[in-house]
Amino acid sequence: MQAPINNGYGSPQNGALARRVSLAAAIVRRKTRWGEWLVERGIFLVSLSAILMIFLIFIFVGREALPVAMGRTNNSRAQKPIAVSEIPKLSQQKLAAYLGVPAADLKTFDFDTLKQLVELKGQELQEIANPDARFNTTSWSMMLEPYRWHGYDKAEYIWQPVSEIPKFNMIPLIIGSLKATLVALLLSIPLGVGAAIYVSQLAKPVLREIIKPTIELLSGIPSVVLGFFALIVLASGMQAVFGYESRLNAFVAGVALGLTVIPIVFTISEDALSSVPKAYTQAALALGASPWKAAWQVVLPAAVPGVFAACVLGFGRAIGETMVVLMASGNASIVSASVFDSCRTLTASIAAELAEVVFGGDHYRILFLLGALLFTVTFVTNLAGDVVVHRLKQQLEGKH
Amino acid sequence: MPLRRKKTDWQSFGFTAATGLMTASIVAMVFIILGNLAWNGAAQMSLHFVFGGTKEGMFDAAKAGVFPMIFGTVALVVLMTIGVLPVGVITAIYLSEYARSTSAVTRVIRGAINNLAGVPSIVFGLFGLGFFVQFLGGGIDKVFCGGQLTYGKPALVWAAATMAVLTLPVVIVATEEALRAVPKGLREGSMALGATKLETILKIVLPQALPGVITGAILAVGRGAGEVAPIMFTGAAYYLAHLPGHLSDQFMNLGYHVFVLSTQSPDIERTKPILFGTVLVLLVLTFLLNAAGVIVRSRIRARARQTHG
């Protein structure tokens with residue numbers, strides 16, 4: 001788009017002038033302005049900060065999640081009790097690991113203290129009657145596969161990070177996120193794309209100038225306000241209409257989530273639809289098509305990549321939204337197919353639990369792992385949406 | 001032809017009506033939500049509510065005030081703007097004035113900006129905790145504060161830094177749009193008179209694009225004032241007796257207050273008026289800013305259409 005500005009002389013018509021101009025240019029060029037050169041380098045370096053930030057997010061969220069992701073954590077509490085007579089035979093490291101004290105401290109203990117500690121540990125191990133204690137619940141298989149826990153009738157997916165045996169199965173959270181997102185997309189894609197078709201193809205220009213900013217204003221409402229609205233007003237109203245059991249559920253959260261997604265779907269689809277060349281519509285109308293047929297059968301197919309990108313980016317927004325689902329979804333980590341059951345999403349789990357975990361503990365690291373998962377999912381959807389939008393733009397710029 | 005026209009095209013009518021209804025329903029939702037919140041919130045509005053503190057009673061609708069939250073929110077967005085504006089504007093200058101649109105570096109920068117705009121806000125919260133609070137703050141404590149816990153905990157400055165990263169794409173996109181709307185002739189004229197490229201940008205292009213830069217800042221502030229998830233772990237506090245006086249203090253925040261009060265209140269019916277009032281204050285802050293930004297932006301777009309045909 002931008003013409004090269006650094007050579008602002010145009011093309012001189014006669015040869016003498018051309019020589020003079022190029023001479024002048026050479027004189028000007030030769031004087032290198034070091035100050036400007038430095039500033040321009042600086043501008044370039046600062047412009048890389050967006051890349052740096054993406055990189056840092058990747059590193060610093062990943063860093064905390066890495067030990068769990070690599071399977072280097074182990075919260076299994078089942079150990080063979082060590083008899084007091086075996087103490088002299090064991091290495092310092094093994095003993096320290098068994099007792100759970102730093103090796104440096106161990107050296108300061110005399111033999112009697114050591115003996116007492118080992119006896120206490122033996123008693124403690126005997127007291128743990130729950131057979132599930134022997135599992136490492138932070139392993140990938142325990143985080144993804146169902147298991148029949150002690151006292152349960154059948155194998156289940158359970159997210160219960162604060163209990164005697166912490167259970168970190170992510171499946172209920174993933175299902176919760178997908179349920180709320182599905183409801184949100186089912187509401188926002190038809191509404192958003194329909195409104196985009198109307199505003200870009202069928203509405204009168206005056207109406208368009210009013211409607212567009214109004215829908216864009218919806219994206220200016222903070223998500224905590226929409227969450228509050230869903231929690232206080234929407235939840236009671238919808239329960240009265242639909243008569244389901246739990247007041248806060250995936251459906252209420254999904255509807256409120258849809259409100260945050262509508263502006264995205266609308267804006268991107270509208271952009272895609274209105275950048276389809278006017279000649280398409282005019283040709284269709286000239287061939288006798290009605291305005292709606294031109295919009296539906298000519299303009300919409302031409303804008304399909306953009307509309308698809310709108311849906312993909314809407315999905316990314318919905319799955320990453322936090323405050324709305326935290327306030328309106330009920331936050332119970334149940335595995336069920338019904339959208340009228342309360343659900344707990346990935347984002348809500350992080351928001352609700354991170355404040356209360358031990359820094360550097362298993363639970364803390366698993367919450368960061370959930371964050372890394374979210375980041376990866378949105379990164380991929382954004383990249384896909386970005387590629388589609390970019391191609392569309394190039395295509396259209398070529399046509400104009 | 002005239003005969004055909006008279007026959008009503010039901011299909012066409014139905015389609016237009018359906019899409020029109022969809023549009024109308026979205027617009028209606030916007031008005032219902034805003035109307036409901038404004039109506040309920042207006043009942044709680046009073047000078048005491050806006051300028052009063054929480055000392056006399058946080059859950060009592062007659063005595064509670066939201067001034068500490070307003071103060072915290074304003075402090076947060078001011079610090080955030082100081083952080084984000086220079087970086088955002090300089091990046092936009094590079095993208096619009098220097099970058100070749102076909103080069104790989106430009107593609108990667110644009111991709112990173114788009115991606116940054118799509119990162120979930122809660123991930124920004126995790127990032128702020130991992131990078132700013134623990135890595136940077138912990139590092140500063142170790143080096144400058146002799147291991148004393150000063151910056152290595154949630155603080156106003158870290159919340160503002162996290163929010164600055166979150167709003168970076170908003171500022172870049174708005175500024176770049178404004179820079180591109182400046183007519184090419186102005187640049188060429190300036191260069192023809194002997195100004196260097198940098199002089200042209202600083203003295204001709206940037207002043208012309210100032211409304212756009214301000215729009216970017218306004219939109220960023222509107223966004224920053226409303227986001228809650230990124231500051232939950234990086235600096236917002238549930239209750240503080242004093243206003244924050246130092247960068248390393250925690251702060252109260254309107255959005256966080258709405259969240260806390262609506263999910264952890266002992267008696268939701270009694271706190272409802274306070275909640276509606278707080279929401280209205282928050283909306284007035286973020287929403288008016290956003291509305292102003294959207295209006296200025298649409299003017300700039302209209303001007304860009306005129307100058308570029």
Side-chain angles (χ1 to χ4, degrees), chain A residues 3 5-6 8 33 36 39-40 43-44 46-47 49-51 53-54 56-57 60-61 63-64 191 194-195 197-199 202 211 213-218 220-222 224-225 228-229 231 233 259 262 290-292 313 316 320 322-323 327 347 350-351 354-355 368 371 374-375 378-379 382 386, chain B residues 9 12 15-16 19-20 22-23 26-27 29-30 33 36-37 87 90-91 93-95 108-109 111-116 118-123 126-127 130-131 135 165 168 184 187-188 191-192 196-198 222 226 228-229 232-233 255 258-259 262-263 279 282-283 286-287 290-291 294 298:
Chain A
I5 308 165
N6 48 9
R33 291 180 173 81
E36 279 197 10
V39 172
E40 284 172 359
I43 289 178
F44 174 66
V46 170
S47 76
S49 59
I51 304 176
M53 284 306 155
I54 287 283
L56 284 178
I57 293 175
F60 277 88
V61 175
R63 192 179 74 147
E64 305 291 340
L191 278 183
I197 293 175
Y198 181 76
V199 168
L202 305 167
I211 294 172
T214 311
I215 298 181
E216 277 171 8
L217 279 189
L218 190 56
I221 303 179
V224 70
V225 172
F228 166 77
F229 184 78
L231 175 73
V233 184
L259 292 175
I262 283 174
S290 57
W292 87 270
L313 293 174
T322 309
M323 298 317 290
M327 291 163 87
T347 49
I350 301 174
L354 193 65
F368 269 83
L374 273 174
F375 181 59
T378 50
F379 188 85
N382 281 321
D386 187 35
Chain B
D9 186 352
S12 185
F15 186 76
T16 312
T19 51
M22 286 176 175
T23 316
I26 299 178
V27 174
M29 277 192 260
V30 177
I33 294 172
N36 183 298
L37 295 175
V87 178
I90 290 174
T91 307
I93 288 176
Y94 176 77
L95 285 176
V108 174
I109 294 177
I113 293 167
N114 283 339
N115 252 306
L116 206 57
V119 172
S121 52
I122 190 75
V123 174
L126 290 177
F127 166 66
F131 178 65
F135 183 75
V165 179
L168 187 60
K184 230 182 286 173
R187 293 186 181 86
E188 284 161 3
M191 308 264 299
T196 62
K197 190 162 185 179
L198 194 67
V228 177
M232 284 171 111
F233 323 120
V258 170
F259 164 64
S262 59
T263 53
V279 163
L282 178 62
L283 266 186
T286 60
F287 202 71
N290 260 304
V294 167
S298 69

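Chain letters run A, B, ... following the sequence lines, proteins first, then strands; residues in each count from 1.
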Step-by-step side chain to side chain contact (heavy atoms under 4.5 Å, CB included) determination, A:I51 to B:V108:
CA-CA 8 Å; A:I51 304 176; B:V108 174; 3.7 Å; yes

Relative to chain B, which segment of A:L202 carries a heavy atom at a distance below 4.5 Å: side chain, backbone, both, or neither?
side chain

Taking the side chain as everything from C-beta on, heavy atoms only, tell me whether A:E64 gets closer than 4.5 Å to B:L126.
no

Distance in Å, A:M323 CE paired with B:F259 CZ, rounded so as to fall on 0.5 Å steps:
5.0 Å

Is there a side-chain contact between A:L191 and B:M29, using heavy atoms and a 4.5 Å cut-off?
yes

Less than 4.5 Å apart, any side-chain heavy atom of B:L37 and any of A:V225?
yes

Compare all side-chain heavy atoms of B:L95 with those of A:S47 and state whether any distance is below 4.5 angstrom.
no

How close do B:T23 and A:A195 get, counting heavy atoms only, and between which atoms?
OG1-CA, 3.3 Å

Would you say B:V30 and A:I215 make side-chain contact, with heavy atoms under 4.5 Å?
no

Heavy atoms, side chains only, cut-off 4.5 Å: are B:V119 and A:F379 in contact?
no

A:V46, part contacting chain B, at a heavy-atom distance under 4.5 Å
both

To the nearest 0.5 Å, what is the distance between OG1 on B:T263 and CG on A:L231?
8.0 Å

Where is the tightest heavy-atom contact between B:G130 and A:F60, given as atom of each residue plus distance?
O-CD2, 3.7 Å

Per-residue contact mode, A:L217 against chain B (heavy atom under 4.5 angstrom)
both

CZ of B:F127 to CZ of A:F375, rounded to nearest 0.5 Å, is 9.5 Å

At a 4.5 Å cut-off on heavy atoms, which part of B:I26 comes close to chain A: side chain, backbone, both, or neither?
side chain

Part of B:I109 lying under 4.5 Å from any heavy atom of chain A:
both

Heavy-atom nearest pair, A:V224 first then B:G226, reads CG1-O, 3.9 Å

Quick check for you: to the nearest 0.5 Å, what is the distance between A:E40 atom CD and B:K197 atom NZ?
7.0 Å

Looking only at A:F229, A:Y198, A:F368, the option with the highest number of non-hydrogen pairs under 4.5 Å against chain B is A:Y198

At a 4.5 Å cut-off on heavy atoms, which part of B:F233 comes close to chain A: side chain, backbone, both, or neither?
side chain

Nearest-0.5 Å distance that lies between atom CD1 in B:I33 and atom CG in A:L259:
4.5 Å

Check each of B:L116, B:I113, B:V165 against A:I54 using the side chain to side chain contact (heavy atoms under 4.5 Å, CB included) test, and report the only one that passes.
B:L116

For the pair B:F15 and A:W292, name the ring-plane relationship: parallel under 30°, tilted 30 to 60°, perpendicular over 60°.
tilted

Max heavy-atom pairs within cutoff under 4.5 Å with chain B, candidates A:D386, A:I211, A:T214, goes to A:D386

Going through the checks in order, is the side chain to side chain contact (heavy atoms under 4.5 Å, CB included) test met by B:V123 and A:T378?
CA-CA 10 Å; B:V123 174; A:T378 50; 6.0 Å; no

For B:I90, which atoms come within 4.5 Å of any heavy atom of chain A: side chain, backbone, both, or neither?
both

Nearest heavy-atom approach of A:S49 to B:T91 is OG-OG1, 4.1 Å

How many angstroms lie between atom CE of B:M22 and atom CD1 of A:I197, to the nearest 0.5 angstrom?
8.0 Å

Taking all non-hydrogen atoms of both residues into account, name the closest pair between B:I122 and A:A351 and its distance.
CD1-CB, 3.7 Å

